[in-house]
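These notes are about the structure you will find just below.
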Amino acid sequence: MKIYNSLTRTNTQLDKKELMIYSCGPTVYNYIHIGNARPNILMDVFVRFLKHKNIKVNYLQNVTDIDDKIIHKAIEENKTEKEVAEFFTKAYLADLQALNIIMPDKIEPISQHIKQMISFIDDLVQQGFAYNVDGDVYFAIDQWEAQYGQLSGRKPEELISGERVEIDPKKKNPLDFSLWKKTNVGITWDSPFGQGRPGWHTECALLIQEYFHGQTIDIHSGGIDLKFPHHENERIQYLAHNQKELANIWMHNGHLNWKDEKMSKSLGNIVLVKDFVKDFGSDVLRWIFLSTNYKQPLNLSDDLLTQATKFFQKLDYLKKKIVFSKVIFEKTQVIENKDYIKEFDQAMGNDLNTSLVLSIIEELIKNINQLISQKTNFSTIKPLFDQLQLILKTLGFIEQIEISLSEDDETKIKQWNQLVLGKDFVKADLIRSELEAKGIM
Ligand SMILES: Nc1ncnc2c1ncn2[C@@H]1O[C@H](COP(=O)(O)OP(=O)(O)OP(=O)(O)O)[C@@H](O)[C@H]1O
Ligand SMILES: [Zn+2]
């Protein structure tokens, strides 16, 4: 399969049977919004597809539970940082579950790795790639100028003129970034550099170093906003520390926008995952993300919500109609034996072309509906139906199209059919309401 690689700006072939994957997780100081869910749902669909192709996955994600934002929230709410972080970590895991996301093999809170981060930073100082100025430690870019900026596709001088470089008179080069921050506000640790806290960018580099034993992993993913400076800084310190690339492929998802602006906590234009799921269900959000190429920005609109809702109405209609084909219709016919799974695999194997996959699903549904309208027995429809079900399951939708019927249900459906044929509509309606109450008709 091919996956677009932000580092080389080309599609990269992925033929291995076992993959090491890392994804940047949330900073746990708030509930996650549906924009934050985009990288999670993207990776969930990807991991499900890899498993469907019998590719083994070892997938790690971090949780940033040490951060200035958490400290501020704790002060604001008169709680400890630990209380804040634990509460929102739990909320995060509950949201992942509500979104039907297969949990990564490991979700690691960074607070459990501070000692190792200190020694990672100390290694960089000893190697001559980092320097300590009065208790603040910075990564020195000067020896890495040829490599730095490769992910963003920008030269160091272009990065400097960009807006996200922190101005700090202690730095030797404006692009140098903080590895250790001297502070006595909030939770701090002792270190060879003095009292303070490690910086965010070391977190992911260190976890990959530990969990994957300093190897080059296959895939590193995250939102496009993390490309610079976060991923650039992760990559360069790993390269310096280990003399090897952190990841072969860097995957970045585009933003979820609301009225053409990034959905973000700082702009205050957010919809929380837990609220969205309550109102529309998680399948609707999954469908919305699948409708657009993951690299592109996605504008959430009422129109898109309506389209997604209609799709699930269509599935529900199909689910109910299939009952007739199972219990009542008798006609069998020879149909074209099209391999939709092959088409699905090809579309997904082409850098996760999920919008094409949705059109494959539409075609399948249309074909099945046509056969039902011709009063075709399920034995004819089953090969198509099974393919549809496998595709929906591999994409991670909760909604299934199979209704399991008891013997009693089948008898009732047959009775209802006889009553309708005999034009005894009053009795037929009574049975129908009974079946409708069970969600069968
Ligand atoms: N609107 C969005 N669309 C897609 N991905 C997003 C969006 N906002 C954040 N992300 C991604 O969510 C993940 C979690 O990021 P993080 O916890 O840093 O969120 P955040 O940047 O604090 O959110 P916010 O921007 O709302 O403050 C990252 O991979 C980030 O790129
Ligand atoms: Zn990261």
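As a basis for the values below, the full set of heavy atoms in this structure was taken, side chains included, without hydrogen atoms, waters or symmetry mates. Counting convention: from 1, in listed order, for ligands and their atoms alike.
In this structure, the side chain to side chain contact (heavy atoms under 4.5 Å, CB included) partners of Val271, at least two apart in sequence or on a different chain, are Ile34, Met263, Phe276. Here Asp122 pairs with Gln126 under the side-chain hydrogen bond (donor to acceptor under 3.5 Å, both in side chains) rule; sequence neighbours left out.
Near the Zn ion (ligand 2), less than 2.8 Å away, sit the protein N, O or S atoms Cys24 SG, Cys204 SG, His230 NE2, Glu234 OE2.
Distance alone, capped at 3.5 Å, is enough to place a donor-acceptor pair between the Gln237 side chain and the Asn233 backbone. Of the possible polar contacts, one joining the Arg9 side chain to the Leu151 backbone as a donor-acceptor pair under 3.5 Å is found. Formation of a donor-acceptor pair under 3.5 Å by the Ser301 side chain with backbone atoms of Leu304 is found in this model.
A donor-acceptor contact closer than 3.5 angstrom is absent between the side chains of Asn62 and Glu108. Side-chain atoms of Asn353 and Asn293 include no donor-acceptor pair closer than 3.5 Å.
Among Ile70, Ile187, Thr89, Ile66, the one residue that satisfies the side chain to side chain contact (heavy atoms under 4.5 Å, CB included) test with Ser111 is Ile66. Put simply, the residue from Lys314, Lys320, Gln313 that forms a side-chain hydrogen bond (donor to acceptor under 3.5 Å, both in side chains) with Asp316 is Lys320.
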N/O to N/O under 3.5 Å, ligand 1 against protein:
residue  : atom   : partner : partner atom : Å
ligand 1 : 1 (N)  : Leu256  : O            : 3.1
ligand 1 : 1 (N)  : Met263  : O            : 2.8
ligand 1 : 3 (N)  : Leu256  : N            : 2.7
ligand 1 : 5 (N)  : Gly35   : O            : 3.1
ligand 1 : 5 (N)  : Asn253  : ND2          : 3.4
ligand 1 : 12 (O) : Asn36   : ND2          : 3.2
ligand 1 : 17 (O) : Thr27   : N            : 3.3
ligand 1 : 19 (O) : Asn36   : ND2          : 3.3
ligand 1 : 22 (O) : Lys265  : NZ           : 3.3
ligand 1 : 25 (O) : Lys262  : NZ           : 2.8
ligand 1 : 26 (O) : His33   : NE2          : 2.8
ligand 1 : 26 (O) : Lys265  : N            : 2.5
ligand 1 : 29 (O) : Gly223  : N            : 3.0
ligand 1 : 31 (O) : Gly223  : N            : 3.3
ligand 1 : 31 (O) : Asp225  : OD1          : 2.5
ligand 1 : 31 (O) : Asp225  : OD2          : 3.4

